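Just follow the structure's listing: the first ligand is 1, and inside any ligand the first atom is 1. Hydrogens, waters and symmetry mates play no part in the numbers below; they use all other heavy atoms, side chains included. None of the values given here were measured: they were computed from a predicted structure.
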Amino acid sequence: MKETEVKRIPTNHKRLIRWVDEMAALCQPDRVVWCDGAVEEKKRLEQEAVASGELIELNPEKLPGCFLHRSSSNDVARVEHLTYICTQNAEDAGPTNNWMTPKDGYEKASAMFKGSMKGRTMYVIPFCMGPIGSPFSKIGIELTDSIYVALNMRIMTRIGTPVLKSLGSGGEFTEGLHSKADLSTERRLILHFPEDNTIWSVGSGYGGNVLLGKKCLALRIAGWLGRREGWMAEHMLILGIEKPNGDIKYITAAFPSACGKTNLAMIVPPEGLRHKGYKIWTVGDDIAWLRIGDDGELRAVNPENGLFGVLPGTNSKTNRIAIETMQRNTIFTNVLLKPDGTVWWEGGEGDPPKEGIDWKGNPWKPGMKDEDGKPILAAHPNSRFTAPISQCSTYTDKTEDPKGVPISAIIFGGRRARVAPLVYESFNWQHGVYVGAQMASERTAAQVGNVGEVRRDPMAMLPFCGYHMADYWAHWLAMGKKLKRPPKIFHVNWFRTDRAGKFLWPGFGDNLRVLEWILDRVDGKGEADKTAIGYVPKPESLDLNGLDLDPATVRELLSIDSREWLADLKLQETFFSQFGSRLPRELEAERIHLRERLSS
Ligand code: OXD
Ligand code: MN
């Protein structure tokens with residue numbers, strides 16, 4: 001057998017070395033390269049990726065340090081139907097996860113990994129989720145044959161020699177193995193073995209399936225660890241809002257994928273509120289690890305170090321900060337390449353360019369149609385940018401605080417054309433947990449499936465909760481009891497439409513008007529009506545200055561239609577029924593009380 005060439009950075013972690021050797025023996029790469037995270041390494045990897053065609057260098061004057069990647073066209077989103085939790089007992093994965101025994105998982109995936117890296121390099125990426133050295137951070141090692149993954153991981157996480165140093169000779173780490181293999185959907189699996197602190201992902205090159213620090217570790221595995229260790233891993237942005245007097249309040253918000261977390265995390269105050277002098281601080285746009293601080297308050301850390309944001313619809317009106325952030329050192333995936341070496345996507349800056357190369361690598365002009373008469377898109381609807389979070393002008397070094405930021409409010413939100421009003425506040429923590437647990441949203445392009453279909457997506461965690469969802473809710477309830485002052489819990493819906501399907505609320509920067517009411521409520525201010533579903537703002541308590549909204553629209557945005565809610569409660573009941581006796585009694589009681597309030 002050919003000798004594998006190995007370039008290792010110094011470590012005396014014997015178990016780590018042994019594991020890397022074992023995985024290399026399985027996948028049979030030609031080379032094993034340990035990533036040190038240095039700038040020279042980045043340059044070298046970029047050059048190699050450009051030479052192999054995996055990356056295209058963009059115009060160095062207009063977009064310095066930026067590259068374009070085109071994924072295989074069958075590999076553009078997370079594959080929830082191929083994502084599994086592999087535990088000894090099916091009950092531990094619960095009814096909302098796909099399940100396999102660890103034995104079956106290892107066997108099935110081993111057959112796919114076997115020899116999959118022949119002719120390729122295996123990169124060994126030591127990475128840290130959260131600030132290096134913080135007792136709350138978690139270390140992982142990802143082995144991958146994708147240079148695209150290696151380059152993305154160095155943006156999305158903290159990687160290299162400092163991580164290995166912090167791991168020492170015996171530290172715990174999550175074992176992550178990834179191979180693109182042949183990118184066939186027939187041989188694609190995303191497997192989690194929480195009992196072994198291990199992730200195996202094969203047959204995909206798409207971010208959410210392969211950047212193992214993100215959904216796989218920071219949500220599914222971390223959720224499992226968090227329950228054991230008394231903390232929570234959530235699909236939430238973290239945002240600070242500073243008043244001119246210097247008072248900063250931090251909030252977290254959970255929305256399903258592609259529902260605007262990145263936009264809200266770097267919200268730009270609308271014209272009508274500018275005079276109030278708010279400053280916005282972005283701590284995280286996708287994942288929050290929530291812990292109880294020494295002071296008994298809830299604190300949040302962003303375990304990531306970069307942004308992996310959705311591009312379609314992103315422009316300087318919808319998210320100016322993101323557009324500025326991605327002007328350098330950014331990897332664009334599945335967008336249009338313009339003749340001048342810059343990029344474009346539907347709903348991007350300005351009018352569509354006259355021509356370009358579309359995300360599949362074909363010549364493109366506006367108005368082109370496919371054989372079925374459907375428009376050919378310039379960019380995939382789930383096209384993405386990967387950029388260092390520190391490049392955000394709203395970035396705050398509080399992101400590096402190992403203890404995290406104190407949280408004043410938690411927001412849940414879905415994409416609902418009807419039912420959910422613009423905003424409401426739950427009565428207390430227990431009711432708030434119920435509000436999160438009954439969340440529903442219309443499906444987006446971030447996952448394979450029918451876009452637009454309404455599905456229940458509790459706490460925006462349906463695809464990311466790595467254990468039994470009912471136990472997860474019980475954990476939320478238990479955490480609330482341990483908090484000295486549990487943050488208030490709210491629900492928002494930016495996506496309510498009128499009967500003709502037109503959005504009633506302008507969204508984007510104007511969402512700050514709703515956050516303002518939320519912060520007022522946290523301060524014991526902000527007028528509200530007590531309704532069957534929770535506290536709903538009195539129209540006059542929202543600052544709508546500069547917004548051209550007629551009073552009837554505001555009333556409709558805040559209205560609650562009992563009949564619609566009662567119909568929705570039936571769907572909730574069906575959803576809850578699958579959890580059987582494991583469903584916390586408190587949540588069922590909340591559902592019944594809500595029905596009584598709506599019926600009376
Ligand atoms: C993401 C997702 O990529 O939720 O953040 O799909
Ligand atoms: Mn996400």
Side-chain angles (χ1 to χ4, degrees), residues 69 71 75-83 96 129 148-149 152-153 155-157 178 190 192 199 201 204-223 232-239 252-266 282-290 300 302-314 319 322 325-326 330-335 345 379-387 389 411-415 436 439 441-449 451 455 457-466:
H69 171 76
S71 75
D75 188 27
V76 289
R78 282 184 292 97
V79 279
E80 293 174 9
H81 59 298
L82 301 176
T83 300
T96 57
M129 303 311 292
Y148 169 77
V149 169
N152 271 274
M153 282 296 283
I155 300 177
M156 293 307 297
T157 69
H178 165 249
I190 321 298
H192 304 73
I199 305 159
S201 162
S204 169
Y206 171 74
N209 301 325
V210 300
L211 305 178
L212 300 187
K214 194 172 180 63
K215 305 302 184 181
C216 301
L217 195 167
L219 289 176
R220 299 193 190 99
I221 296 283
M232 305 198 286
E234 298 299 327
H235 193 202
M236 291 177 170
L237 66 94
I238 311 167
L239 163 73
T252 63
F255 302 116
S257 310
C259 287
K261 283 204 297 300
T262 306
N263 294 342
L264 190 64
M266 42 197 87
T282 306
V283 181
D285 81 323
D286 195 40
I287 299 178
W289 284 359
L290 302 175
N302 172 13
E304 302 192 279
N305 205 24
L307 310 166
F308 181 64
V310 176
L311 284 168
T314 306
N319 192 339
T325 304
M326 62 178 92
T330 296
I331 301 175
F332 294 91
T333 302
N334 291 340
V335 292
W345 47 86
H380 187 271
N382 191 33
S383 51
R384 300 279 179 145
F385 70 98
T386 325
I389 193 168
I411 303 174
F412 292 120
R415 180 184 278 268
M439 244 172 87
S441 194
E442 290 151 25
R443 210 187 254 274
T444 65
Q447 61 283 123
V448 172
V451 171
R455 65 171 185 173
D457 190 352
M459 280 84 171
M461 283 289 279
L462 183 70
F464 307 121
C465 178

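Side-chain contact annotation: Thr333 with Tyr148, donor-acceptor N/O pair under 3.5 Å present. Checking Thr386 against Asn152 by side-chain atom types alone, a donor-acceptor pair falls below 3.5 Å. Between the side chains of Thr262 and Asp285, at least one donor N or O sits under 3.5 Å from an acceptor N or O.
Considering every non-hydrogen atom in both Met439 and Ala254, the closest pair reads CE-O, 3.9 Å. In terms of heavy-atom proximity, Ser383 sits nearest to Asn334 at CB-O, 3.0 Å. Pro312 and His380 make their closest contact through CG-O, 3.5 Å (heavy atoms, listed as atom of the first residue, atom of the second, distance). Taking all atoms of both residues into account, the shortest heavy-atom contact from Pro463 to Arg78 is CB-NH1, 3.7 Å.
Numbered from 1 in the order shown, with element, the atoms of ligand 1 that lie under 4.0 Å from a heavy atom of His235 read 4 (O). Here is the list of ligand 1 atoms found below 4.0 Å of a heavy atom in Phe464: 4 (O). Of all atoms in ligand 1, numbered sequentially from 1 with element shown, those under 4.0 Å from a heavy atom of Asp286 are 5 (O). Counting atoms of ligand 1 from 1 in the listed order, those under 4.0 Å from a heavy atom of Ser257 are 2 (C), 4 (O), 6 (O). Atoms of ligand 1 lying under 4.0 Å from at least one heavy atom of Lys215, given by number and element, are 1 (C), 2 (C), 3 (O), 4 (O), 5 (O).
At a threshold of 4.0 Å, the pair Arg455-Glu80 counts as salt-bridged, since one of the basic side-chain nitrogens sits closer than that to a carboxylate oxygen.
Around the Mn ion (ligand 2), protein N, O or S atoms at less than 2.8 Å comprise Lys215 NZ, His235 NE2, Asp286 OD1.
By the criterion of a heavy-atom distance under 4.0 Å, neither the backbone nor the side chain of Phe255 is placed next to ligand 1.
Shown here are the ring-ring contact (aromatic ring centres under 6.0 Å, His included) partners of Phe385, two or more places apart in sequence or in another chain: there are none.
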Next on the checklist: Between Ser204 and Asp75, is the side-chain hydrogen bond (donor to acceptor under 3.5 Å, both in side chains) condition met? List the steps.
Outcome noted: CA-CA 6 Å; Ser204 169; Asp75 188 27; 2.8 Å; yes
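Here's the thing with Arg384: one of its N/O atoms is less than 3.5 angstrom from an N/O atom of ligand 1.
Residue contacts with ligand 1 leave out Lys261, since none of its heavy atoms falls under 4.0 Å from the ligand.
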